[in-house]
> 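Sharing a structure with you now.
Numbering of residues begins at 1 and proceeds along the displayed sequence. All of these numbers come straight from a predicted model, not from anything done at the bench.
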Amino acid sequence: KRRGKLFGASFESIGKLASVRLEARKVGENFDDLASVSGDRPPPSFISASLNLDLNSIGNFRLTAIRQTKQRRAVSIGEARRSDIVTASYRKSFRRGINLFVDATHQRAERRSNSILFGLSAQFGARANGQVNVSKQGGQTQLNAGLYRLDALPGEVGYALTGGTGTIDQ
């Protein structure tokens, strides 16, 4: 019989111009949740902070930083126990349901990596939308596109059509 402890806390303040969210979770070394009892890795401890700026006509900016620490028993040989992730995001909505989004991420764990994603999405009626994005991480570039329609009522049919392609620099 094992016993473990988990403690989590969060704080959020939402304003017209700026919103802030702070969150932390401390997981004891022997803590298991339902997934880890079934063979998955146990949950990590983390601390995260997020700042969101809603600059109406200019767009929406978000900066997020996360530090995650895995339980000792969940770390494989050569794998970092701690990882740091910083993400900067920009969203801009235009007329007729068209949205532009850009995400840039820096991650530091066993090695450092950077990624960037550019995308456009469009709303087609009340429940259909499409999206196209291109992303680059290290030597990999991907292009993805999708068309989606939600089913909201009994008897309706929803769909998701997706496709993508990518290249790897060698």
> Any non-hydrogen side-chain atom of R25 less than 4.5 Å from a side-chain atom of P44?
yes
> With a 3.5 Å distance limit and no angle check, can you tell me whether Q140 reaches the backbone of Q137 through a side-chain donor-acceptor pair?
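Looks like no, no N/O pair under 3.5 Å.
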> Step by step, would you call I47 with T69 a side chain to side chain contact (heavy atoms under 4.5 Å, CB included)?
CA-CA 9 Å; I47 184 166; T69 306; over 6 Å; no
> Do NZ/NE/NH1/NH2 and the carboxylate oxygens of R21 and E23 come within less than 4.0 Å?
yes
> Which atoms form the tightest heavy-atom contact between V86 and L63, and what is the distance?
CG1-CD1, 4.1 Å
> Specify the closest pair of heavy atoms between V27 and S45, including all atoms of both residues, with the distance to one decimal.
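Distance-wise, the nearest heavy atoms are N-OG, 2.8 Å.
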> So how far is it from Q142 CD to T167 OG1, rounded to the nearest 0.5 Å?
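If I round to the nearest 0.5 Å, the distance is 8.5 Å.
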> Treat each ILVMFWY residue as a node, draw an edge where side-chain heavy atoms are under 4.5 Å apart, and state whether V102 and I98 are in one component.
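The answer is yes; both residues are in one hydrophobic cluster.
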> If you look at every heavy atom in D151 and G158, which pair is closest and at what distance?
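Smallest interatomic distance, heavy atoms only, reads CB-N, 3.5 Å.
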> If you measure from CZ on R108 to CD1 on I85, what distance do you get to the nearest 0.5 Å?
11.5 Å
> Can you confirm whether S89 sits close enough to F61 that some side-chain heavy atom of one is under 4.5 Å from a side-chain heavy atom of the other?
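S89 vs F61: side chains apart.
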> Does the distance from a Lys or Arg side-chain N to an Asp or Glu carboxylate O, for D103 and R91, drop under 4.0 Å?
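Salt bridge flag = yes for R91 with D103.
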> Cation over ring, K5 on F7, under 6.0 Å and within 45°?
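Verdict for F7: no cation-pi partner in K5.
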> Quick check for you: to the nearest 0.5 Å, what is the distance between L55 atom CG and Y90 atom OH?
9.0 Å
> One pair to check against side chain to side chain contact (heavy atoms under 4.5 Å, CB included): R82 and R67. What are the steps and the verdict?
CA-CA 7 Å; R82 188 179 83 197; R67 172 166 282 174; 3.5 Å; yes
> How long is the straight-line distance from CZ of R62 back to CG of L53, given to the nearest 0.5 Å?
10.0 Å
> When you compare the side chain of N60 with that of D54, does any pair of heavy atoms fall below 4.5 Å?
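Sidechains of N60 and D54: in contact.
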> Could you tell me if the side chain of H106 sits less than 4.5 Å from the side chain of R112, heavy atoms only?
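Side-chain contact under 4.5 Å: yes.
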> Are F124 and V132 connected, step by step, through hydrophobic side chains (Ile, Leu, Val, Met, Phe, Trp, Tyr) whose heavy atoms are closer than 4.5 Å?
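Different clusters.
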> Looking at T64 and S50, what are the two nearest heavy atoms and their distance?
OG1-OG, 3.4 Å
> Any side-chain heavy-atom pair from T162 and Y148 closer than 4.5 angstrom?
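SC-SC contact between T162 and Y148 confirmed.
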> Nearest 0.5 Å please: distance from the CG atom of D84 over to the CD1 atom of I66.
10.0 Å
> Has the side chain of Q123 got a donor or acceptor atom that lies under 3.5 Å from a matching backbone atom of A128?
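Looks like yes, one N/O pair under 3.5 Å.
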> So how far is it from L117 CG to T105 OG1, rounded to the nearest 0.5 Å?
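Interatomic distance, L117 CG to T105 OG1, rounded to 0.5 Å: 8.5 Å.
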> Is the shortest heavy-atom distance from the side chain of I58 to the side chain of N56 under 4.5 Å?
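In short, these two side chains do not touch, never coming nearer than 4.5 Å.
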> Heavy atoms, side chains only, cut-off 4.5 Å: are K70 and F46 in contact?
no
> With hydrophobic residues grouped by side-chain heavy-atom distances under 4.5 Å, do L120 and F118 end up in a single group?
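Yes: a chain of side-chain contacts under 4.5 Å links L120 to F118.
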